[in-house]
Every structure is written in structure tokens, then in C-alpha cells.
Amino acid sequence: MTPLVELQITDIAFGGSGVARLDGKAVFVPFTIDGERVSAKVVRDKKQCAEAELVEVLEPSQDRTEPQCPYFGVCGGCVYQHISYEHQLELKSRQVADVLRRLGKLPDLPMRPIVRSPDSYGYRNRITVHAQNGVIGFYRRDSHTLIDITHCPISCREVNEKLAEVRSRRVRDGHYSLRAHDGARVFEQTNDAVADALRELVASFFPGRGALLIDAFCGAGFFTKRLAGNFDRVVGIEWDRFAVDAARRNAAANHTYIHGNVDVELAALLQNASTTDVAVLVDPPAVGLSTATRDTLLAFAPATVVYVSCNPATLARDLGQLRNGYQIVSVTPLDMFPQTSEIEVAVHLQHNQATARAG
Ligand SMILES: C[S@@+](CC[C@H](N)C(=O)[O-])C[C@H]1O[C@@H](n2cnc3c(N)ncnc32)[C@H](O)[C@@H]1O
């Protein structure tokens, strides 16, 4: 039988597990909080680190709180429901700074306060549930077996109504995307209130009027449409045909949308632009920017780059390279996904030559 160990949790790593030290080795313990003393069972012992399962909280943190979801701990979705919302915000802010310093080798970070979600539950405007042999729900943590879910407390009312509706039918095995908003089935930000705050934050990076904004990875034009008034011309690039069609609907005269790959189209656009008055907004998927796109930004040197990221690790890698031409003006974490380990970050960068010109 695996012996129990007593551990002092000193931090919470990106991903959500508490971190302790045992004989000099890092031990990761999910569902614990920094400052707690716990007893745990080591379930995986590797060369560099170990993983343990929480058995008992011996000295609880004052930030320990009651999870609102009966599936918490079993379901693979949320990792922070046992932590007060205020402390979740502190942790996420710290994790972003930590990951950028460690992986991006970026020591002096102009961090701004994290943008909180007005609702820490009931905010998700879409979920994907899976159906198999009459079970409808989410996958278990660390496994591919399904748990039957009747209600998801982090999702909004409309999504839960759609879940109830799917459950009331005999649906075929498969994946079901449940959305609060009707419309094209294209990428959509997950938390309406924080998405609005993100869009306003990005708009605040462009107080004057610019010549050209390139919105790479533009989706259905979420940022483009808001920013069009700040620029003479805005061009979106997106490879999802349905998103481009949606973006082109109601587009003003100064918007253009290119259906294509950012890796190819961004270089082509920058080649023909005077880069001293060009801003590029990148909002890539979790994999971050390709080497080709990073090289394009450094080679053509648009004056301003705004990087919106849903993955601090790939953001750190990309900023680590972009700092060879760019200065980081600000880093703002946003809590788009309360109760989960996911973090959104907006970074404002200015090319060194543009900074020198402004000075
Ligand atoms: C994180 S979403 C952002 C969408 C949009 N900015 C928004 O806020 O709604 C990333 C988008 O990039 C698109 N995408 C991913 N890789 C791409 C590529 N190499 N070229 C063009 N579009 C890409 C995806 O289809 C998706 O719509």
C-alpha cells in the first residue's frame, strides 16, 4: 500500500495543482491551496517530480471555499472551485508573470492588474458535451470515461436549458456543441462580459487614428468591427470560410476580410504596407504563432503588435522571440474562465524603432 505523506503546499502551478517539496523533489497535488498542510498519497513518482492525490486537508487555507458543483473533482473541467474567487485572481496573475519570466526569459514585465469576471459562475456561453451509450456529459478527470451531467454551474442559463433539452431526447453517440447565442458555428469568445472588457482594452491601445490594422486570426470579426473606427483601413485574415462569411456580413466600406492562412497572407500584406503606421493584432489558437509568423513580424516590423493569447506557455515562447525587435508596453491577464485553470492574456508591444521615434 502507498504510504501517506504530509506535505506543505507552497504554490499553485499553472494548470491548477498545488506544489510541495518532498526530499527536494517537487510534488504536485491537485485541489490543494498554497499555505495548506495536507496528507496525500503519491500516485506517480518520476525522476524530476511526483504527483500525489489529496487525502486530507490538515490545515486549511482561509481561501478554501465550498465548490458549487456536485461533479467538482470528478469532472475534468474545473480545478479551482475550492478556492475563493479573489485568490483565484491572485494565482492566475502570478502564474502569467511566472510563466513569462521562466519560459520567455522576460525579467521586467509591465504587468497590469488582472481583469475579473463579473460572474465567477454561470458565465460560459458554450460547452461541448459528449454522448455515449445513453450517458451525456463531460469526461472524467484523467480518463476518457463519461460522467452524466445534468447541470453545469459555470455555464449560463441558456446553455443549461440546451443541455436539458438534449438530455430529454434520445440522441445518437457523438459530440454536441451547446451555445447560448444563435448564429454561425464559428469561434466565439466564451465569457461575454470579459470578452467585452478584452475588446475595450485592445481598443484603448489605439487612442489615435491609425492607417492600417491587420487583424490576423480574425474569426467572425470580433475585434475588427470594434476597431474599424480607429483606422483608415482594417483587414482581417481567417481560414475558416464560415467565419469569413459571417465577418463580411455588415462589414463597413473600410473592412476587408481575406480567406486564407495567416502564415502566408500576413507577409503578403505587410510587404505592400508602410509599416511605420501599421498595427497587427494576433489572436491565435492555443498553439500560438508559427515560426513563419514570428519571423514575418520581426522582418517587416509593424509599429504596434497586440497579442491576445489563451495559452501563457506559447505566449511566453513567442514573446521570447518577439522581444528581439519589440518592447513590451503592458501585459494584462483576463479571467475569461473562472474556476478553470485557463487564462487569457493581452499584450501590447511596440517596435523598438517606433518607440525611438516616439521618444
Ligand atoms: C482564438 S480564435 C480568435 C478569433 C477572433 N479573434 C475572435 O475573437 O472571435 C483563432 C481563430 O484563428 C483561426 N485560425 C487558426 N489558425 C489560422 C491560420 N493559420 N490562418 C488563418 N486563420 C487561422 C481559427 O479558425 C479561429 O477562428
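Counting starts at 1 for both ligands and their atoms, following the listed order. Just so it is clear, the values below take in all heavy atoms, side chains as well, and ignore hydrogens, waters and symmetry mates.
- Side-chain N/O atoms of Gln339 and Gln88 include a donor and acceptor closer than 3.5 Å.
- Residue contact check: Cys218 has heavy atoms under 4.0 Å from atoms 5 (C), 6 (N) of ligand 1.
- Under 4.0 Å from ligand 1, not a single heavy atom of Ala243 appears.
- Counting protein heavy atoms only, atom 10 (C) of ligand 1 is closest to Asp283 O, 3.4 Å.
- Shown in contact with Pro284 at under 4.0 Å from a heavy atom are these atoms of ligand 1, numbered in order with element: 1 (C).
- To the nearest 0.5 angstrom, Asp192 atom CG is 7.5 Å from Cys156 atom SG.
- Counting the atoms of ligand 1 from 1 in the order shown, those under 4.0 Å from a heavy atom of Pro285 are 15 (C).
- The number of heavy-atom neighbours closer than 6.0 Å to CD of Glu165, taken from other residues, nucleotides and ligands shown, is above 12.
- Between the side chain of Arg116 and the backbone N or O of Val194, no donor-acceptor pair lies under 3.5 Å.
- Under 4.0 Å from ligand 1, the heavy atoms of Gln189 that appear belong solely to its side chain.
- Both Leu212 and Tyr307 sit in one connected hydrophobic cluster of ILVMFWY residues. Membership requires side-chain heavy atoms under 4.5 Å apart, directly or through other members.
- Scanning the protein for heavy atoms near atom 16 (N) of ligand 1, the closest one is Trp239 CZ2, 3.3 Å.
- Of the listed residues (Phe223, Phe222, Phe217), the one carrying the non-hydrogen atom nearest atom 4 (C) of ligand 1 is Phe217.
- Of the protein's non-hydrogen atoms, the one nearest atom 9 (O) of ligand 1 is Phe187 CD2, 3.3 Å.
- The shortest contact between atom 19 (N) of ligand 1 and any protein heavy atom is with Asn261 OD1, 2.9 Å.
- By the 6.0 Å contact criterion, NZ on Lys25 is enclosed, its count of non-hydrogen atoms from other residues, nucleotides or ligands being greater than 12.
- In this structure, atom 20 (N) of ligand 1 lies nearest to the protein heavy atom Val262 N, 2.9 Å.
- Of the listed options Arg199, Glu238, Glu344, Glu238 places a heavy atom closest to atom 27 (O) of ligand 1.
- Checked against a 6.0 Å centroid threshold, the rings of Phe138 and His130 do not count as neighbours.
- In this structure, Phe72 has its ring center closer than 6.0 angstrom to the ring center of Phe31.
- Here CZ of Arg141 is found 12.5 Å from SG of Cys78. Values are rounded to the nearest 0.5 Å.
- The closest approach between a heavy atom of Gly260 and any atom of ligand 1 is below 4.0 Å.
- Contacts between Cys310 and ligand 1, counted as non-hydrogen atom pairs separated by less than 4.0 Å, are absent for every part of the residue.
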